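Quick caveat: nothing in here was measured; it's all calculated off a predicted structure.
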Amino acid sequence: MSTTQPHTCSTLATEPLPAEQPELFAAALRTALRWIRPSPVLTCGAVIVLAGLVGCRKTPGNDPSTDGSASASQIVFRNIESPSEFVGDDLCFDCHESEYTGYQDHGMARSYYRLTEANRVEQVEDVTVADPSSPLRYTIRERPDGLYQEEYMVDGQGNTIHRLERRMDYVVGSGTAARTYLTELNGRLYELPLTWYTQEERWDFSPGYEIANFRFDRTVPDRCMACHNSYPSSVPFVEGKYADVPAGIGCERCHGPGGLHVRERLEIPDVEDEIDDSIVNPAHLPFELRMDVCQQCHLHTTVSLLREDRSPFGYRPSKPLSDHIALFAEDDPSKAEGIDVISHADRMKQSECYVATVDSAEPLECTTCHDPHQGFRTLGEDYFNATCVGCHSEQSLAARFETTPFAADHGPPSNCFGCHMPRVEVEDAPHSSFTDHLVRVVDDSDNSAMVDPVASHDEVSLRPYFDRDRESQEGRIYHAMAQIVYGRQLSQPETIRSGVEALKELVDGDTTYSEAIFLQGLGRQLIGEHQGSIEPLELAVRLGPDNPERLNALAQSYELAGVNQPLAGRLYRRALAIQPAAARIRVNYGRFLQSMGMVDEAVAEYRRAIEEDPWLDVGHFNLGTTYASAGRFDDAEAAFQKAISLNPLYSEAIGNLAALYASQGRDGEARGAFERAVRVSPDDPTALGNLGAFRLNEGDAEAAIELLRRAVSARPVYTDAIANLSLAYFRIDDYETAREYARRAIELDSGNQLARQVLVATE
């Protein structure tokens with residue numbers, strides 16, 4: 001009997017990803033070796049924002065009032081209404097020196113920058129952060145060219161058996177609470193596992209990593225970059241790749257593109273009218289739209305969807321935010337008062353101070369307390385208290401509380417916001433505290449500022465944030481899309497199915513919402529309805545024929561459904577012609593070519609994918625399977641080893657390397673690799689089945705039975721493991737049990753020769 005039985009299966013597996021846009025992979029086994037196909041990325045209007053997969057849940061306030069339906073007359077700012085180019089911050093300095101200089105101390109100006117020796121604040125000695133759910137550990141290393149984060153593993157004897165490091169190239173965050181780091185390769189940005197938490201001066205996992213360790217593979221999506229920078233030059237349809245990224249949030253994020261304004265003021269420095277309409281000045285916007293300028297980054301719910309034909313960097317000040325995104329929050333009354341790190345505006349709207357002034361000439365808003373053109377962190381308590389006493393004078397407070405125990409707390413030098421806007425710890429940002437912008441009277445029982453970010457695995461209900469999505473047909477469509485996105489995030493097939501079925505009714509015959517049609521098809525693919533996914537994906541491709549993600553998804557559905565194989569190849573080629581840098585789609589195409597017997601062509605595609613993205617472990621893995629199938633065992637071994645060096649928990653690569661060793665008679669190395677695959681993934685049926693088959697080959701039937709039974713328990717239709725179990729019981733003379741398993745194997749595969757041989761031998 002061979003060490004590993006030939007078998008074929010198809011599953012859906014998740015590869016960890018950035019925050020916001022997960023990718024799926026369909027894994028296929030061919031003989032003893034497996035390759036993996038990446039699936040489409042959710043972008044172009046269906047974008048998840050879950051605090052980098054933290055799972056934080058946010059419930060909106062009672063009356064958002066952010067739909068931009070201002071009753072006040074609104075100035076038409078020409079730099080928004082007519083095409084105008086972005087010019088960068090430097091041109092602002094000559095005329096606006098005070099604002100420009102003051103802004104450099106603002107946290108927004110320091111939201112993204114390159115890590116240098118001059119701006120380092122981290123302690124880098126004696127750092128060890130262990131992943132509690134895996135054998136991986138992390139530390140910080142100083143090298144001549146900068147700081148690195150290192151991942152390593154040790155065996156039972158304390159020997160290092162894996163080491164991988166990535167340079168800390170960029171800092172995300174002003175550092176008030178934390179500094180998170182990115183590394184760059186070929187223009188791709190990846191978040192690193194460790195964050196320096198400045199308030200406690202300690203290292204720990206970056207937000208989200210304590211729930212799912214994304215290691216060095218968490219690409220930084222556009223929706224994250226959109227709130228840490230001005231307007232980077234992103235590479236279309238390639239998640240996390242940028243041609244250029246500005247350092248921090250600049251003037252034009254709040255004022256709009258400055259080209260028109262610069263040209264006109266150079267020609268005519270003085271403006272004749274009272275208001276210069278060549279560039280947005282948020283101070284002259286209606287209240288709701290002023291709030292939207294801030295809320296483009298300081299408003300967060302469970303799911304955020306870009307509206308049809310909107311882009312991650314497409315919001316412009318003076319336009320309603322609700323025209324740009326659709327927001328949905330988990331409808332959980334127990335979390336109605338929860339906050340997260342970036343929803344300050346929504347917390348403020350729940351305050352009595354806001355409710356009492358919202359219809360007044362000077363309502364409470366973000367800029368009431370925060371001057372957007374200067375830093376405020378070091379200005380002290382008096383800076384913020386001055387805002388409070390503008391409405392709540394010290395004299396009136398003294399009179400109100402004169403005969404109460406609180407009199408001493410309501411006069412100079414009391415700290416108003418220290419009591420009424422307390423700093424709280426939020427679980428989606430560990431080791432940090434933030435000012436809760438819900439202004440209120442806090443008592444000892446108050447726990448309204450805490451939120452549990454761990455997602456419930458019960459079916460969830462989402463509710464819309466914006467009024468326009470509450471009763472309208474459009475809102476129902478986006479709600480169904482949010483269900484698919486959120487169900488995918490929580491691995492809840494029924495939530496996905498609910499969204500898919502709703503979209504089937506809502507968009508039937510309506511081609512207005514092409515992204516909804518695409519999500520309907522993708523959702524069916526995710527829940528295994530491959531044939532049913534084809535029709536909506538075909539329509540999505542007709543509506544967006546130049547979208548590589550849609551082309552890729554349809555090609556996969558054709559393959560998974562076993563139809564239109566030649567057309568699948570043409571779809572992959574078209575997707576890559578549109579975006580040659582789409583390395584994961586190129587891996588798909590390589591696997592497709594391999595399945596068609598075009599080995600040399602497959603190798604070429606895998607190599608191109610790896611050249612574009614050298615850290616793409618699945619590219620090296622699939623290259624190894626191709627080399628192995630072609631008998632190029634040395635090349636296959638090198639490719640598998642590379643995949644494992646990039647991902648030491650890659651059980652499929654370890655198992656394939658073990659099978660390769662076994663095929664060459666290198667039994668000692670094979671045994672070690674098979675055992676390592678099980679240690680890395682103790683519940684993986686293939687790893688268990690392969691080690692069980694190897695033990696059976698070695699003559700240890702008892703050990704084989706224990707492993708094979710675990711494999712079958714994990715995958716009850718695992719025909720080869722069932723057949724191997726029949727042989728194992730035959731070898732210990734338990735003929736009755738051997739016949740039982742042989743019959744089960746034949747029920748699943750009538751042509752299974754091993755099971756038939758066992759039946760004949762036990763008669």
Side-chain angles (χ1 to χ4, degrees), residues 1-13 26-36 493 528 530 560 562 595 625 628-629 651-663 667 670-671 673-763:
M1 188 186 75
S2 65
T3 305
T4 56
Q5 295 296 304
H7 58 282
T8 302
C9 73
S10 180
T11 60
L12 283 178
L29 306 185
R30 296 296 181 266
T31 65
L33 303 178
R34 296 201 280 185
W35 59 73
I36 297 181
H530 306 309
L560 293 167
S595 71
T625 68
S629 66
S651 62
E652 294 93 340
I654 299 168
N656 279 5
L657 181 62
L660 188 67
Y661 288 151
S663 70
D667 289 350
R671 182 185 308 107
F674 279 132
E675 290 173 346
R676 180 179 175 184
V678 171
R679 285 197 302 273
V680 162
S681 189
D683 298 321
D684 178 32
T686 302
L688 292 164
N690 280 350
L691 180 57
F694 186 82
R695 293 293 192 208
L696 191 56
N697 264 4
E698 288 187 315
D700 190 346
E702 295 288 354
I705 287 171
E706 191 270 333
L707 290 161
L708 292 168
R709 286 178 65 89
R710 287 169 58 192
V712 173
S713 176
R715 187 191 300 155
V717 294
Y718 192 172
T719 306
D720 297 303
I722 295 170
N724 284 350
L725 262 177
S726 71
L727 178 60
Y729 279 109
F730 173 80
R731 289 188 176 174
I732 64 171
D733 300 327
D734 186 347
Y735 298 143
E736 182 178 352
T737 306
R739 283 193 295 270
E740 175 187 341
Y741 279 105
R743 293 190 188 100
R744 283 180 58 183
I746 291 171
E747 287 177 3
L748 294 168
D749 176 13
S750 60
N752 191 290
Q753 292 301 310
L754 176 58
R756 290 194 174 279
Q757 290 173 11
V758 170
L759 281 182
V760 171
T762 56
E763 288 179 353

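Put simply, the side chain of Asp720 does not reach to within 4.5 Å of the side chain of Asp749, judged on heavy atoms. Side-chain contact check for Ile746 versus Leu759: some heavy-atom pair is nearer than 4.5 Å. By the 4.5 Å heavy-atom criterion applied to side chains, Val758 and Tyr741 are not counted as neighbours. Under the 4.5 Å side-chain criterion, counting only non-hydrogen atoms from C-beta, Thr686 is in contact with Arg715.
In this structure, Ala714 and Pro685 approach most closely via the heavy-atom pair CB-CB, 4.0 Å. Nearest heavy-atom pair across Ile654 and Ala677 is CG2-N, 3.7 Å. Closest heavy-atom contact between Phe674 and Gly655: CE2-O, 4.0 Å.
Checked against ring pair (Phe, Tyr, Trp, His ring centres under 6.0 Å), Tyr661 has no partners two or more places apart in sequence or in another chain.
Salt bridge annotation for Glu706-Arg710: present, with a cationic side-chain nitrogen under 4.0 angstrom from a carboxylate oxygen.
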Stepwise side chain to side chain donor-acceptor pair (under 3.5 Å) test for Arg744 and Thr719: CA-CA 8 Å; Arg744 283 180 58 183; Thr719 306; over 6 Å; no
Derivation and outcome, salt bridge (Lys or Arg N to Asp or Glu O under 4.0 Å), residues Glu675 and Arg695: CA-CA 10 Å; Glu675 290 173 346; Arg695 293 293 192 208; 2.5 Å; yes
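Side chain to side chain, Arg756 and Ser750 fail the donor-acceptor criterion of an N or O pair below 3.5 Å. At a cut-off of 3.5 Å, with distance as the only test, no side-chain donor of Asp684 or Ser681 sits close to an acceptor on the other residue.
Looking at Thr737, its side chain never comes within 3.5 Å of a backbone N or O of Asp734 through a donor-acceptor pair.
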